[in-house]
Amino acid sequence: MDNIQVLEFVRSRVTQARFEHSKRVADMAVRLAKAHGFSEENAYLAGILHDICREYPGEKLLELAEQYQITVDEYERVWPIGLHGKVAAEELRTWGLDEEVLEAIRYHVSGYPGMGSLARILYLADKIEEGRSYPGVEELRLLALKDLDGALSDAIDHSLLYLIRRKLPIHPNTLACRNELLLKNVLPKGIK
Ligand SMILES: [Fe+2]
Ligand SMILES: [Fe+2]
């Protein structure tokens, strides 16, 4: 499939608004990949394809998860939409994409400790694409070009605050991902 065909495929799978979001995520992912020296082509593919299962109803995602033998955790059981990344990665398995593209798509919803570079880029690009507007997003976009992990950690904090304010559960993988980033990059300098 060439890029035009990929674009048409995504357009056929999601609403117009989600399609526009997917294009903006792909643009941002490419910008971040370029800034940090990673594959721009894979960044584009991960960005454009990340939400192809986002419009599936929860029931269908649960059915597909069973079919693909995806282990559904207690968080996904009550919020099956959270499975849209894992199901998409399985649907795309036959496309011959690089494993890092599938990994990025698989973990873009909650994050995961040990995420590779492209997975970190996609998680962040999803949160800071040009259509997002929330206090601090401009600063986050600038930081993301210089310090990927720092911006990722701040983006996760933003998501956690959103969940806490709404009294929603926090996936343990998101916390584990945040802890990993802090232990690796911040805490070596010591807690003051
Ligand atoms: Fe998503
Ligand atoms: Fe998204």
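Not measured: the values here are computed from a predicted model. Every number for a ligand or one of its atoms is a count from 1 in the order of the listing. Along the sequence shown, residues are numbered consecutively beginning with 1.
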Rounded to the nearest 0.5 Å, how far does OH of Y107 lie from CE of M115?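 So the gap between those two atoms works out to 10.0 Å.
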Answer yes or no: is there an ion pair linking R106 with E103, defined by an N-O contact shorter than 4.0 Å?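 Between E103 and R106 there is no salt bridge, as every charged N stays at least 4.0 Å from the carboxylate O atoms.
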Between D126 and R132, does any side-chain N to carboxylate O distance fall below 4.0 Å? yes
N, O or S from H21 under 2.8 Å to the Fe ion (ligand 2):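 A backbone or side-chain N, O or S atom of H21 is under 2.8 Å from the Fe ion (ligand 2).
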With carbon and hydrogen excluded and only N/O/S kept, which atom of H108 is nearest the Fe ion (ligand 1)?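 It is NE2 of H108.
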Any idea which N/O/S atom from H84 gets closest to the Fe ion (ligand 1)?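 Minimum-distance N/O/S atom of H84 relative to the Fe ion (ligand 1) is NE2.
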Does the side chain to side chain contact (heavy atoms under 4.5 Å, CB included) test come out yes or no for L62 and R77, once each step is laid out? CA-CA 8 Å; L62 286 169; R77 186 70 55 196; 4.0 Å; yes
So the angle subtended at the Fe ion (ligand 2) by H50 atom NE2 and D51 atom OD2, rounded to 10 degrees, is 80°
Row check, Y162 ring normal vs R166 NZ/CZ: under 6.0 Å, within 45°: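 Here R166 passes the 6.0 Å and 45° test against Y162.
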Provide the atom name of the closest N, O or S atom of D126 relative to the Fe ion (ligand 2).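 Sorting the N, O and S atoms of D126 by distance to the Fe ion (ligand 2) puts OD1 first.
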